[in-house]
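Beneath this line is the structure, given in structure tokens, with notes to follow.
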Amino acid sequence: GTRPDQRSVDPAAAAMLKISDREGFDTAWSRLEAQQPQCGYGQLGTCCRNCSMGPCRIDPLEEGPRRGVCGANADTMVARNLARMAAAGASAHSDHGRKVALLLKDVASGRNTDYTIFNPDKLMVVAARLGIATEGRETLEVAGDVADVAIACFGAQGEETIPFSTSYMPEKRLELLKDLEGTLAEMTGARIGLMPRGIDREVVDIMHRTHFGCDADPLSLVAQSLRCSLGDGWGGSLIATECQDILFGTPTVRTIKANLGVLDTDMVNLVVHGHEPVLSEKVLEWARSPEMTEAARAVGAKGVNVVGLCCTGNELLMRQGVNVAGNLLHSELAIMTGAVEAMVVDVQCIFPSLADLSSCFHTRFITTSEQTNIPGALHIQFEEHDANAIARRIVQTAIDAFPGRNAAKVYIPQETEEAMVGFSVEQILAALGGTPDPLVEVIANGTIKGVVGIVGCNNAKVQQDFFHLSLTRELIKRDILVLGTGCWAIAAAKAGLMNLDAQQQAGPGLKAVCEQLGIPPVLHMGSCVDCSRMLVLTGALADHLGVDTAALPVVGSAPEWTTEKAVAIGSYFVGSGLPVHLWPVPPILGSPVVTKILTESAKDLLGGYFFVEEDPVATADRMEAIIMEKRVGLGLEK
Ligand code: NFS
């Protein structure tokens, strides 16, 4: 096996991996090794299981059949497989958004009294943006209307674009995407739109068109992947972010601690993991209640310490200043500390292995969602309408586990770093004095060259956090502002890149700007559904300058991507006009046609496109070159 420090650049992870090697625990890393060699057809995207005459596969290098039993070639297979990844990713984000919209509706109608509208100001802003009357109306009435519009975006059946997309997309991009329908019709002879008609509909469209014997054209398959993904970014994810801000508050700047050292030996440690703050906000509220603090004291603890993992961790740190224990590859390591009384999960990015691993400790592994039911877990079904009682029961379950903790098995690596977080678009604009002008000015005069948004996961194939951190450091050194979400953001927080000291690692221009504003050079914008915040910020800059998003010196990246959600995010960035870097290689290389569409044709048609690069410094070189090219295009450079 590889050495602990080769699996992760995080010293806390290296310490835990020594323990896991000693004790013989399985981890994502050990299971990845056991999977070697991984299937080459799968890596290239040239295997198809969509019908029962298959499975079929096409070897693009050697002699062998060029077509599956139905006649599908490698291009069709790769495009269909990619489309299904985008559909799954968009589904996960959007289903999350749906639940929050439904909750907003229930709160508005008084059916749910366990939650309230914490942020009526944001509600009014969202309503106004959607063209809903606000003047002299009651909060709950407006909330009901916003929820209705959001809910209708999921099931819309007509040919028109969903209202969240038309209301939030920057002007020029909206025009361009509508106009492309004509261009694509000329290219293919078929009707191919890019604007989402219904969030659910675009997913079903993909499942239909990739069914046996339907779409075989890689171009229309890729186009539909983009449309479905745009329905995520400018639909499902956006709805999640906006409705969560309305229900729980818009993030503002605050300081948190990150890494496994946030676990506290003297407290009942309750780790929330997954994605939906609807659950974790309530768990936090109850964990901090006098009643539960008393209950924790009764079993000899000082209280209940809620810490986050992954994106639900991001949601809580952004709005409530809750400490975060780590990103995706820390989820198993947290349990191995032996100091976790309960890990409570909802949906997405939850290793099923956590159930077995928890059983080696006193840890209660609690699943709560009917969509994430894991054998070996304790299932406590979460119901929004009974949130208080259920959250209280979850916290009590964690407290009850505390006396079972075995001190001999406890090891908490002490590493933590402080991070300044909470950079919603609203907060960024507030820091700038209310308008994008100061940001536009420092970009225009070259003090900051441009902006890179980094998203996504950990991937056991990449040394944990290595690509995230090397790329981020390389970019800020070059006076490029870095912002982002998800497990990248947690990596940056753990490495100290989000505290004010990190200004020292920035180039002279970026450093000066950050010192003046009192912000770090690396900004935490939230969870992965909050990639919608990056879209909104990019859109605001484009509209402010009267240009299309593709003209801006802005680049995206998912350098350690793992999930299908990351495919959807990358695709809606590309559809929104941004060049997007990926590593590892997505499963498309088996089709030169699909590869060319995504890396070249997309650039001509959309301005946004994908590129793949394995080396962080080379990635930064490429990004800087793109940024300089855009600056020239805007007339900012000769
Ligand atoms: Ni994003 Fe969040 Fe992490 Fe990747 Fe998973 S937690 S939604 S998908 S692994 S960044």
Side-chain angles (χ1 to χ4, degrees), residues 8 10 13 28 32 85-86 88-97 99-100 229 232-233 236-238 240-241 244 258 271-280 307-318 324-334 343-354 369 371-372 453-462 464-465 467-469 471-472 483-494 524-534 556-573 580 582-584 586:
S8 175
D10 182 331
L32 174 65
M85 290 183 87
S91 299
H93 285 144
S94 299
D95 213 31
H96 169 170
K99 273 187 243 168
V100 191
S229 302
D232 169 357
S237 284
L238 178 64
T241 297
Q244 285 169 182
V271 179
V272 286
H273 174 23
H275 286 81
E276 298 171 342
V278 173
L279 169 73
S280 53
V307 298
L309 271 179
C310 291
C311 280
T312 213
N314 282 329
E315 300 281 2
L316 284 190
L317 69 82
M318 289 288 284
V324 65
N327 45 6
L328 182 67
L329 284 171
H330 266 34
S331 56
E332 291 176 301
L333 307 181
M343 182 177 282
V344 184
V345 303
D346 47 51
V347 289
Q348 302 165 25
C349 305
I350 297 145
F351 293 154
S353 65
L354 293 168
S369 164
Q371 286 165 311
T372 303
I454 313 183
V455 304
C457 327
N458 285 141
N459 184 317
K461 292 175 178 173
V462 183
Q464 185 192 13
D465 297 350
F467 210 139
H468 286 318
L469 300 180
L471 176 61
T472 303
L483 40 83
T485 61
C487 288
W488 164 81
I490 299 171
K494 286 188 296 176
H524 195 321
M525 292 194 77
S527 68
C528 281
V529 292
D530 292 336
C531 288
S532 65
R533 298 192 200 276
M534 291 197 257
S557 172
E560 300 183 19
W561 79 275
T562 282
T563 71
E564 293 164 311
K565 290 180 288 178
V567 173
I569 294 170
S571 302
Y572 69 63
F573 275 9
V580 174
L582 291 179
W583 186 259

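Start at 1 and go down the list; that is how both ligands and their atoms are numbered. What you are looking at is a predicted structure, and each value in this text was computed from that prediction instead of being measured.
- Considering Cys457, Ser527, Cys487, Cys528 as possible partners of Cys310, the one that fulfils the side chain to side chain contact (heavy atoms under 4.5 Å, CB included) test is Cys487.
- Of all atoms in ligand 1, listed by their number and element, those nearer than 4.0 Å to a heavy atom of Leu328 are 9 (S).
- Contact annotation: Cys457 places an N, O or S atom under 2.8 Å from atom 4 (Fe) of ligand 1.
- A donor-acceptor pair is defined here as one N or O able to donate and one able to accept, closer than 3.5 Å; no such pair exists between the side chain of Gln244 and the backbone of Val100.
- The protein heavy-atom contact nearest to atom 7 (S) of ligand 1 is His275 NE2, 2.8 Å.
- Near Cys310, the atoms of ligand 1 lying under 4.0 angstrom from a non-hydrogen atom of the residue are 6 (S).
- Of the protein's non-hydrogen atoms, Cys349 SG, 2.2 Å is the one closest to atom 5 (Fe) of ligand 1.
- Using a 3.5 Å distance cut-off with no hydrogens or angles, the side chains of Asp232 and Ser94 do not pair a donor with an acceptor.
- A side-chain donor from one of Asn458 and Glu560 sits under 3.5 Å from a side-chain acceptor of the other.
- Using a 4.0 Å cutoff on heavy atoms, Gly456 counts as a contact of ligand 1.
- Side-chain polar atoms of His330 and Asp10 form a donor-acceptor pair below 3.5 angstrom.
- Less than 4.0 angstrom separates some heavy atom of Lys565 from each of these atoms of ligand 1: 5 (Fe), 7 (S), 8 (S).
- The shortest side-chain heavy-atom distance between Gln464 and Lys494 falls under the 4.5 Å cut-off.
- There is no side-chain donor-acceptor pair under 3.5 Å between Ser369 and Asp346.
- Of all protein heavy atoms, the one lying nearest to atom 3 (Fe) of ligand 1 is Cys487 SG, 2.3 Å.
- Checking Ser280 against Glu315 by side-chain atom types alone, no donor-acceptor pair falls below 3.5 Å.
- For atom 8 (S) of ligand 1, the closest heavy atom belonging to the protein is Thr563 OG1, 3.2 Å.
- Near Cys311, with a cut-off below 4.0 Å to any heavy atom, the atoms of ligand 1 are 2 (Fe), 6 (S), 7 (S).
- Among all protein heavy atoms, the one lying closest to atom 1 (Ni) of ligand 1 is Cys528 SG, 2.2 Å.
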